[in-house]
J.: 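Have a look at the structure that comes next, please.
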Amino acid sequence: MDLAALIRNVPDFPKKGIQFKDITTLLLYPDAFREIVDGWKKRYSDGKITVIVAADARGFVFGGALAYAMGLPIVLARKKGKLPAETIAAEYELEYGTAVMEVHADALKRGDRVLIIDDLLATGGTVKAIAELVRKLDAEVVEAAFVVELPPLGGRAKLAGIPVHTLVEFMVE
Ligand code: AMP
């Protein structure tokens, strides 16, 4: 299926110069959603992954479906202040300033083998911060999977050392 054709480009959102890749249009096509989740399920069917960690917020949609399909636990990596119990935090860079990702301190344990899921890889800052949190809890990042990659933004290089798997590339910044 041509997944790229189902992703809407919204120019100048949330600010001028950004080409926003909107996956909500893809989600209107259940066959496309199923193809993504079933493809990942097959890719990770060797039993190596023990936990999925999904990125706030669109990562929850794909990560949640995959966790259900695979019968795996899912951990929510959330933006600062959203998780109710004790958390650990990692800061990451935005275009202007910084932001913070958190997970519950008891969400992962030593030896867990993690697949990180998000909708889109841009600069890689978000998932780099999540990988830091995974390692702080003595778990291992096996791979990070995304629906979309924007190669000109250099996310793969930023995630050096973490295998990255993506399905659709757009050569935009
Ligand atoms: P980054 O940390 O730069 O890799 O940014 C990734 C996060 O920001 C993901 O959770 C995406 O949903 C969101 N994001 C960044 N840039 C875009 C874009 N051009 N279109 C859609 N989402 C984006």
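All values reported here derive from a predicted model rather than from experimental measurement. Each ligand, and each atom within it, is numbered from 1 in the order the structure gives.
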J.: Can you list the steps and then say if Arg135 with Glu140 is a salt bridge (charged side-chain N to carboxylate O under 4.0 Å, His left out)?
T.: CA-CA 6 Å; Arg135 292 189 188 119; Glu140 173 199 350; over 6 Å; no

J.: Can you list every pair that meets salt bridge (Lys or Arg N to Asp or Glu O under 4.0 Å) and has a residue in residues 49-64, with sequence neighbours left out?
T.: Asp56-Arg78, Arg58-Asp119

J.: May I ask which of Leu120, Asp119, Leu121, Ile18 has a heavy atom nearer to atom 6 (C) of ligand 1 than the others do?
T.: Leu120

J.: Which protein heavy atom lies closest to atom 3 (O) of ligand 1, and at what distance to 0.1 Å?
T.: Thr123 OG1, 2.5 Å

J.: What distance separates Asp38 CG from Ile36 CD1, expressed to the nearest 0.5 Å?
T.: 10.5 Å

J.: Calculate, to the nearest 0.5 Å, the distance between atoms CG and NE2 belonging to Leu115 and His165 respectively.
T.: 9.5 Å

J.: Suppose I only count heavy atoms of Leu150 and a 4.0 Å limit; which atoms of ligand 1 are within that range?
T.: 19 (N)

J.: Identify the protein heavy atom lying closest to atom 22 (N) of ligand 1, giving its residue, its atom name and the separation to 0.1 Å.
T.: Phe20 CE1, 3.5 Å

J.: Identify the protein heavy atom lying closest to atom 19 (N) of ligand 1, giving its residue, its atom name and the separation to 0.1 Å.
T.: Gln19 O, 3.0 Å

J.: Between Glu132 and Tyr92, is a side chain to side chain donor-acceptor pair (under 3.5 Å) present by the stated rule, with each step listed?
T.: CA-CA 10 Å; Glu132 263 173 49; Tyr92 62 103; over 6 Å; no

J.: Hey, does Ile52 have a side-chain heavy atom less than 4.5 Å from the side chain of Tyr44?
T.: no

J.: At less than 4.0 angstrom from any non-hydrogen atom of Thr126, what atoms of ligand 1 do you find?
T.: 1 (P), 2 (O), 5 (O), 6 (C), 7 (C)

J.: Checking a contact table here: which protein heavy atom is nearest atom 20 (N) of ligand 1, and how many Å away?
T.: Lys21 N, 2.9 Å

J.: For atom 8 (O) of ligand 1, is the nearest protein heavy atom closer than 4.0 Å?
T.: no

J.: Can you report which non-hydrogen protein atom sits closest to atom 4 (O) of ligand 1, along with the distance?
T.: Gly124 N, 2.7 Å

J.: Enumerate the atoms of ligand 1 whose separation from the nearest heavy atom of Asp118 is less than 4.0 angstrom.
T.: 9 (C), 10 (O)

J.: Does Asp138 have any salt bridge (Lys or Arg N to Asp or Glu O under 4.0 Å) partners at least two apart in sequence or in another chain, and if so, which?
T.: Arg110

J.: Output the list of atoms in ligand 1 that are nearer than 4.0 Å to some heavy atom of Arg58, sorted by atom number.
T.: 11 (C), 12 (O), 13 (C), 22 (N)

J.: What's the spacing between Phe170 CZ and Glu149 CD if we round to 0.5 Å?
T.: 11.5 Å

